[in-house]
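What you see is a predicted model, and the numbers here were worked out from it, not measured in a lab.
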Amino acid sequence: RLCSWRRPSLRSASSTSAPAPARLPPRRLVGINVTAAAGIRVVLSEEFQVFPRQGAGTITEVLNDNLDLVSVDWDSGPTGQEYAVGNGGKYMLAEFEDVSQVMSVTYLSAGAATLSVTAHSSDVNYTGMAIASAVTLSALPSLRLGASELIIQFGGSARVPMSPSIAPDSDVVITLAAVSENTVLNVADVSPSSVELYRVDGTSEGNVRTLTVSCVAAGAARLHLAGVNGNYAMVNYTTLPITCLPGIGLSASETPLLTIRAGDDLANRLR
């Protein structure tokens, strides 16, 4: 089956990348490409497929010594069904293959979009199939940050401006936290722990908030943002890599002084 994926109707919201077309028949026929045995996952071969299509099943028993007649239990359907896999020259089963495809959706900006699907197939049951608005996509608003990465010296801190990418539809609250990576230790703190963005200020400078990220241990973390209400209520993502560099420990608070008296052999004193 070949499927083509049409981009969402609102291109500004997201973009899609179409998967490679699924491999068409002939599949691996049981009795020719695959030896019949109990436990093999199978589907009906294209020649014997029905409409609506029969899904996957499992060979539960080989019924003769010629290995050309088997019993199948279908996942969604009858059990104990007999099928020829070479008997009488018929090959009614093929090895089950997962031909599902993964579609990638890329965020471009906030908004709503729909995904429509059309099918082009040698299977007359599917060619020409069209599903309008098969999937509804909601691209949530994001928060703009004044840095793409923070590298902070031991015990230091950094300030980062944050503002909404689209105007809040009400006064909204955003919570903030530094989430440590690969460690149970707290690497960094964020202050304040929450900020409020005002509807009246939209995306203007009035809604710019300054965050302070302070390192408390060496390690890596990321800034986590979560909305509480309004059109930012479902915003919940991790961004902004934070690297807190290690410090260097000193065993003395003052640099020790080496005293040399007149007439001393310096080389001997330094041995």
Side-chain angles (χ1 to χ4, degrees), residues 6-17 103-116 132-245:
R6 193 170 70 192
R7 289 180 182 272
S9 57
L10 293 182
R11 287 174 173 250
S12 62
S14 58
S15 67
T16 60
S17 48
M103 182 185 61
S104 174
V105 179
T106 302
Y107 181 97
L108 298 179
S109 64
T114 58
L115 177 68
S116 299
S133 303
V135 179
T136 299
L137 305 174
S138 296
L140 299 175
S142 61
L143 293 150
R144 292 191 296 252
L145 296 170
S148 59
E149 181 182 12
L150 293 180
I151 300 176
I152 305 175
Q153 296 293 336
F154 178 77
S157 62
R159 293 161 64 87
V160 182
M162 182 189 76
S163 60
S165 61
I166 65 171
D169 63 1
S170 62
D171 293 348
V172 301
V173 174
I174 307 295
T175 62
L176 309 110
V179 180
S180 302
E181 296 183 349
N182 304 321
T183 178
V184 295
L185 297 176
N186 183 35
V187 171
D189 289 330
V190 181
S191 178
S193 59
S194 66
V195 296
E196 191 169 7
L197 305 175
Y198 301 115
R199 181 188 62 80
V200 68
D201 290 325
T203 57
S204 70
E205 290 186 4
N207 262 341
V208 176
R209 303 289 181 264
T210 300
L211 315 178
T212 300
V213 180
S214 303
C215 285
V216 296
R222 283 182 176 268
L223 179 65
H224 183 263
L225 307 171
V228 174
N229 60 313
N231 56 337
Y232 282 79
M234 295 180 66
V235 170
N236 190 331
Y237 67 98
T238 302
T239 183
L240 188 63
I242 302 167
T243 301
C244 293
L245 299 176

- Would the number of heavy atoms belonging to other residues, nucleotides or ligands and lying under 6.0 Å from CD of Q153 be above 12? no
- Item | Crowding at CZ, R144 (>12 non-hydrogen neighbours, <6.0 Å) | yes
- Item | From CA spacing to verdict: side chain to side chain contact (heavy atoms under 4.5 Å, CB included), N207, R209 | CA-CA 6 Å; N207 262 341; R209 303 289 181 264; 3.3 Å; yes
- Message: For the CE atom of M162 and the CG atom of L240, what is their distance to the nearest 0.5 Å?
- Response: 11.5 Å
- State the CD1-CD1 distance between I242 and I151, to the nearest 0.5 angstrom. 11.5 Å
- Query: Do you know which two heavy atoms are closest between A188 and A178, and how far apart they sit?
  - Reply: O-CB, 3.4 Å
- Smallest separation among heavy atoms of S214 and S157, with atom names: OG-CB, 3.5 Å
- Ignoring hydrogens and angles, tell me if any N or O in the side chain of S133 forms a donor-acceptor pair with the backbone of T114 under 3.5 Å. no
- Got a second to check how far L197's CG is from D171's CG, nearest 0.5 Å? 9.0 Å
- Item | Note, V235 side chain near P141 side chain (heavy atom, < 4.5 Å) | yes
- Item | Over 12 non-hydrogen atoms of neighbours within 6.0 angstrom of CD in E149 | yes
- Nearest 0.5 Å, what's the CD1-OG distance between I174 and S194? 9.5 Å
- Contact check, side chains of S170 and N229, non-hydrogen atoms, under 4.5 Å: yes
- Side-chain heavy atoms of S204 within contact of Y198, under 4.5 Å: no
- Message: Side chains of V195 and L211, heavy atoms from C-beta outward: is any pair under 4.5 Å?
- Response: yes
- Which atom pair, heavy atoms only, marks the closest approach of V216 to N186? CG2-O, 3.1 Å
- Message: Working to the nearest 0.5 angstrom, can you tell me the gap between T243 OG1 and E181 CD?
- Response: 8.5 Å
- Query: Say you draw a straight line from CG of D189 to OG1 of T212; how long is it, rounded to the nearest 0.5 Å?
  - Reply: 11.0 Å
- Task: Could you tell me whether Y237 atom OH has more than 12 heavy atoms of other residues or ligands within 6.0 Å of it?
- Result: yes
- Message: Checking the side chain of D201 only, and the main-chain atoms of P168 only, is there a donor and an acceptor separated by less than 3.5 Å?
- Response: no
- Yes or no on side chain to side chain contact (heavy atoms under 4.5 Å, CB included) for N236 and H224, after CA distance, side-chain angles and deciding distance? CA-CA 8 Å; N236 190 331; H224 183 263; 2.7 Å; yes
- Message: Quick check: do T239 and L143 have side-chain heavy atoms less than 4.5 Å from each other?
- Response: no
